[in-house]
S.K.: 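The structure that follows is given in the form of structure tokens.
All heavy atoms count here, side chains included; hydrogens, waters and symmetry mates do not. Letters go in sequence order (proteins before strands), and every chain restarts at 1.
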Amino acid sequence: MAEKGDRLIWFWGRECPHCKQIRPTVERLESEMNIKLDHLEVWHDMNNQKLMQEYGDKISEACGGELGVPAFYNERTGKALCGYRIPLEKFKEWASGK
Amino acid sequence: MQKTFWRCHVCNDIHYGLRPPEVCPTCGAKNAFARCDPAEVGKVQQPTEAIDTEEKVIQVWKEFAASNPICRLAEDENEVRMLAGGVLENMRNRGLKYCPCRITSGNLEKDLLLICPCNFVRQKNWTELGECWCGLFKKKED
Ligand code: SF4
Ligand SMILES: [Zn+2]
């Protein structure tokens, strides 16, 4: 697992249907790029929730104004993606820092 | 202006808001509301049934959607049940039935806007995709 500051993070919620829907795409991204995202659950782990709040500005911008899940944050580039309709290609760009 | 409690002097209905209702929604009396002391409110109101199971939460959502002209409940029963489980978890852990697909910010005023059902018509997803953030409520096709 990457160090803090160097991670690709997936903020997800255990009871969020869209997080469930996007999981196969996340897994495909991980296997095709041979990487591992940090899967951080936010409703049952306060530390993860706090971390998501720390990155709140970027994430809520990507989510259309609020802190929603599924949300993805690249700690290296500071870029966030949000929602469950992210095409694999876009994911790959985000992960490789383009 | 701050919201406060109002009590119908005919049937003891309690209203919480900036202004009293002109007509009491329960007994129909006009101009019947007087400002009410918060300590009295708890005594005037009888305890009602808790909404503490998935079935009850889903029933509330169904009633809400049925009375609302613009939305309907999502058709996927498993997803609806999953969301009901989520709001109940949040109720148990945080005291309110918060949206399972967004998180609280720590600012109570903002967080109170996350109680389900929220005011989803102001969300981008509602205008663009025709559904609330979690996909629980969808635009009614006409
Ligand atoms: S987005 Fe949907 S599920 Fe979430 S609080 Fe609003 S109405 Fe409920
Ligand atoms: Zn009345």
S.K.: Looking only at heavy atoms and a cut-off of under 4.5 Å, which of V80(B), D76(B), L114(B), L129(B) has the most pairs with chain A?
M.R.: L129(B)

S.K.: Supply the atom-to-atom distance C16(A) SG to I103(B) CD1, rounded to the nearest 0.5 angstrom.
M.R.: 12.5 Å

S.K.: In terms of hydrophobic clustering (I, L, V, M, F, W, Y; side-chain heavy atoms under 4.5 Å; direct or indirect links), are I59(A) and L40(A) co-clustered?
M.R.: yes

S.K.: Side-chain heavy atoms nearer than 4.5 Å, only ILVMFWY residues, links allowed to pass through others: does that put L73(B) and I51(B) together?
M.R.: yes

S.K.: What residue, out of C101(B), A84(B), S105(B), has the most heavy-atom pairs lying under 4.5 Å from chain A?
M.R.: C101(B)

S.K.: Could you please state which residues from residues 21-49 of chain B sit under 4.5 angstrom from chain A, measuring non-hydrogen atom to non-hydrogen atom, sorted by number, or 'none'?
M.R.: none

S.K.: With the 4.5 Å side-chain cut-off for hydrophobic clustering, are I14(B) and V10(B) part of the same group?
M.R.: no

S.K.: Do L83(B) and E15(A) have side-chain heavy atoms sitting under 4.5 Å apart?
M.R.: no

S.K.: Quick one: do L29(A) and W12(A) end up in the same hydrophobic cluster if we chain Ile, Leu, Val, Met, Phe, Trp and Tyr together by side-chain heavy atoms under 4.5 Å apart?
M.R.: yes

S.K.: So with a 6.0 Å cut-off around CZ of R28(A), is the heavy-atom count from everything else above 12?
M.R.: no

S.K.: What residues of residues 62-79 of chain A sit under 4.5 Å from chain B when only non-hydrogen atoms are counted?
M.R.: C63(A), G64(A), E66(A), L67(A), G68(A), V69(A)

S.K.: The criterion is side-chain contact (heavy atoms from CB on, under 4.5 Å); which residues satisfy it with F64(B), sequence neighbours excluded?
M.R.: N68(B), C71(B), P117(B), F120(B), F137(B)

S.K.: For D57(A), does the CG atom have more than 12 heavy-atom neighbours from other residues, nucleotides or ligands under 6.0 Å away?
M.R.: no

S.K.: If you count the non-hydrogen atoms of other residues, nucleotides and ligands that lie under 6.0 Å from CD in E63(B), is the total more than 12?
M.R.: yes

S.K.: If you count heavy-atom pairs within less than 4.5 Å of chain A, which of T104(B), L136(B), N125(B), L113(B) leads?
M.R.: T104(B)

S.K.: Give a yes or no on whether E61(A) atom CD has more than 12 heavy-atom contacts from other residues, nucleotides or ligands under 6.0 Å away.
M.R.: no

S.K.: I'd like to know if W43(A) and V26(A) are part of one continuous hydrophobic network [Ile/Leu/Val/Met/Phe/Trp/Tyr, side-chain heavy atoms within less than 4.5 Å].
M.R.: no

S.K.: Just wondering, are more than 12 heavy atoms of other shown residues or ligands nearer than 6.0 Å to NZ in K20(A)?
M.R.: no

S.K.: Has K56(B) got more than 12 heavy atoms of other residues, nucleotides or ligands less than 6.0 Å from its NZ?
M.R.: yes

S.K.: Which members of residues 86-96 of chain B, sorted by number, sit under 4.5 angstrom from chain A on a heavy-atom basis?
M.R.: G86(B), E89(B), N90(B), N93(B), R94(B)

S.K.: Looking at CD of E79(B) and NE2 of H18(A), how far apart are the two atoms once the value is rounded to the nearest 0.5 Å?
M.R.: 6.0 Å

S.K.: How close do C82(A) and W133(B) get, counting heavy atoms only, and between which atoms?
M.R.: SG-CH2, 3.5 Å

